[in-house]
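Read through the structure below, which is laid out as structure tokens, and then see the notes.
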Amino acid sequence: MKLSEQQIREFEELGYLFLPNVFTPEEMDILNAEVPGIFAQRRDEVIREKGSDAPRSAFYVQTWNEVFGLVARHPRLVEPAMQLLGSDKLYMHQFKINAKAAFDGAVWQWHQDYATWYNDDDMPEPKAMNIALFLAEANEFNGPLMFIPRSHRKGRLEAGHDTTTTSYPLWTIDNDTITRLVNEGGIVAPKGPPGSVLLFHGNIVHASGSNLTPWSRWILYLSLNRCDNAIRRFKRPTWIANRDFTPIEMLPDDCLIQYARRRASAAE
Ligand code: SIN
Ligand code: MN
């Protein structure tokens with residue numbers, strides 16, 4: 001899936017691009033059928049909220065779930081990142097499903113992803129980005145992602161390592177800096193149905209609140225990096241900061257539907 005010139009300009013100006021309904025309800029059903037079983041697994045890659053059994057994130061799922069292995073190579077997710085990062089040689093730096101579980105989903109503090117990629121993983125430049133696929137609806141109540149538009153233009157900001165607020169350590173930005181940035185740029189929270197795609201720059205400042213609703217806000221994140229910008233420090237486990245820098249080979253656009261057909265005929 002190719003972005004238009006106007007969409008590329010919008011991403012460069014604002015630091016994000018929201019595309020509702022990129023995947024069909026049928027494709028989303030194929031993916032979502034897997035999710036409860038993924039979060040139910042007891043393994044290192046599935047982390048729980050602090051002080052609760054609710055799932056927070058499931059990492060590296062593309063290596064241990066066949067269907068998510070397909071979506072990790074999906075052209076509707078990978079090709080726009082190739083355009084925006086200016087290379088057709090990208091690898092998967094991180095792959096995770098964030099649950100933001102009904103009633104229990106906790107915050108993600110204000111941060112830039114590149115701060116973590118730089119400080120923890122020694123990624124040379126902010127030439128990596130996130131492609132988020134909404135597995136569930138994100139609405140104004142269930143802890144949608146919040147962005148400060150244009151904040152990616154500030155470059156990498158000072159950050160402190162927060163290891164206590166949540167179960168996931170993060171390089172976070174102090175309240176005074178956030179206040180200044182929000183006074184300049186405001187806050188947006190793109191909301192939409194399952195199948196929506198949200199692309200965002202490695203340096204855009206973002207966060208999300210807790211989820212007090214009965215609606216889990218499942219989002220899949222592909223963090224794609226240019227192969228010529230591979231990380232140089234291997235402090236975090238490979239399932240959090242991947243050390244396999246093999247370029248992604250995209251699958252056909254209908255790979256999810258074809259997979260479901262193959263599975264149905266094998267079951268007959
Ligand atoms: C992230 O910033 O990496 C995740 C935020 C969220 O899922 O709300
Ligand atoms: Mn982030």
Side-chain angles (χ1 to χ4, degrees), residues 1 3 7 10-11 14-39 46 49 54-59 61-62 65 67-81 84 92 94-108 111 113 129-149 168 187-202 204 206-224 253-257 260:
M1 184 181 80
L3 300 176
Q7 287 172 322
E10 185 177 329
F11 176 89
L14 299 176
Y16 72 95
L17 181 68
F18 183 53
L19 306 168
N21 299 308
V22 171
F23 286 78
T24 64
E26 187 185 359
E27 290 174 313
M28 296 318 296
D29 286 348
I30 296 165
L31 284 170
N32 281 328
E34 305 293 316
V35 176
I38 288 169
F39 284 138
V46 179
E49 296 286 8
R56 179 172 178 83
S57 301
F59 284 89
V61 187
Q62 82 279 24
N65 178 279
V67 186
F68 279 85
L70 301 175
V71 83
R73 299 169 58 194
H74 204 290
R76 272 175 257 161
L77 300 175
V78 177
E79 201 172 20
L84 295 172
M92 191 68 68
Q94 188 180 81
F95 185 98
K96 65 177 184 283
I97 308 170
N98 280 354
K100 189 75 76 172
F103 299 110
D104 283 320
V107 304
W108 286 80
H111 67 282
D113 286 338
M129 62 176 292
N130 277 307
I131 299 89
L133 170 60
F134 292 6
L135 301 175
E137 181 190 54
N139 58 43
E140 67 257 62
F141 307 111
N142 64 353
L145 274 171
M146 299 187 285
F147 294 115
I148 304 178
Y168 188 75
I187 298 178
V188 295
K191 294 170 279 279
S196 302
V197 168
L198 182 52
L199 303 131
F200 56 101
H201 193 280
I204 195 167
H206 59 287
S208 62
S210 61
N211 184 5
L212 293 174
T213 75
W215 307 308
S216 288
R217 188 227 62 179
W218 298 338
I219 298 182
L220 169 69
Y221 294 90
L222 282 65
S223 304
L224 294 170
D253 190 76
D254 63 351
C255 56
L256 290 169
I257 301 296

For the atom pair CD1 (I131) and CD (E79), what is the distance rounded to the nearest 0.5 Å?
12.0 Å
Is the shortest heavy-atom distance from the side chain of L19 to the side chain of L3 under 4.5 Å?
yes
Can you tell me how far the CG atom of L212 sits from the CG atom of D104, to the nearest 0.5 Å?
9.5 Å
When rounded to the nearest 0.5 Å, the distance separating CG of L84 from CD of Q7 is 9.5 Å
Would you say that F147 contacts P190 through its side chain, given a criterion of any heavy-atom pair below 4.5 Å between the two side chains?
yes
Check whether any side-chain N or O of E49 sits under 3.5 Å from a backbone N or O of A54 as a donor-acceptor pair, and report yes or no.
no
Measure from the side-chain N and O atoms of K191 to the backbone N and O of A189, and report whether any donor-acceptor pair falls under 3.5 Å.
yes
If every non-hydrogen atom of F68 is compared with every non-hydrogen atom of L31, which pair is closest and at what distance?
CE1-O, 3.6 Å
For the pair N65 (side chain) and G37 (backbone), establish whether a donor and an acceptor sit closer than 3.5 Å, ignoring hydrogens and angles.
no
Side-chain (S216) to main-chain (A102) donor-acceptor, under 3.5 angstrom
yes
Could you state the interatomic distance from CG (N142) to CH2 (W218), rounded to the nearest 0.5 Å?
12.0 Å
Would you say the side-chain atoms of R217 pair up with the backbone N or O of P144, donor to acceptor, closer than 3.5 Å?
no
So which heavy atom on P75 is nearest to which on P80, and how close?
O-CD, 3.5 Å
Among L256, N32, D254, V22, find the one that has a side chain to side chain contact (heavy atoms under 4.5 Å, CB included) with E27.
L256
So do F39 and I97 actually touch side chain to side chain, heavy atoms under 4.5 Å?
yes
Apply ring pair (Phe, Tyr, Trp, His ring centres under 6.0 Å) to Y16 and H206, showing your working.
CA-CA 11 Å; Y16 72 95; H206 59 287; over 10 Å; no
How long is the gap from CE on M28 to CG on L133, to the nearest 0.5 Å?
4.5 Å
Main-chain N/O of G143 paired with N211 side-chain donor or acceptor, under 3.5 Å:
no
If I compare all heavy atoms of A72 with all of L222, which pair ends up nearest, and what's the gap?
O-CD2, 4.0 Å
How would you list, by chain and number, every residue that makes a ring-ring contact (aromatic ring centres under 6.0 Å, His included) with F95, sequence neighbours excluded?
none
Quick one, V61 and V46 - any side-chain contact, counting heavy atoms below 4.5 Å?
no
When you measure from the side chain of N139 to the backbone of F141, do you find a donor-acceptor pair of N or O atoms at a distance under 3.5 Å?
yes
Shortest non-hydrogen contact from V107 to S210?
CG1-N, 3.8 Å
Heavy-atom distance under 4.5 Å between the side chains of D253 and H74, does that happen here?
yes
Exam field: side chain K100 to backbone A106, donor-acceptor pair closer than 3.5 Å:
yes
Do L135 and P194 come within less than 4.5 Å of each other through their side chains, counting heavy atoms only?
no
Any side-chain heavy-atom pair from F23 and L77 closer than 4.5 angstrom?
yes
Parallel, tilted or perpendicular: ring planes of W108 versus Y168, cut at 30 and 60 degrees:
tilted
Listed by chain and number, what are the ring-ring contact (aromatic ring centres under 6.0 Å, His included) partners of F18, not counting sequence neighbours?
F134
Is there a side-chain contact between M92 and L224, using heavy atoms and a 4.5 Å cut-off?
yes
Pairwise distance OG1(T24) to CD1(I257) - rounded to 0.5 angstrom:
5.0 Å
Over all atoms of both residues, closest heavy-atom pair of E34 and I30
CG-O, 3.8 Å
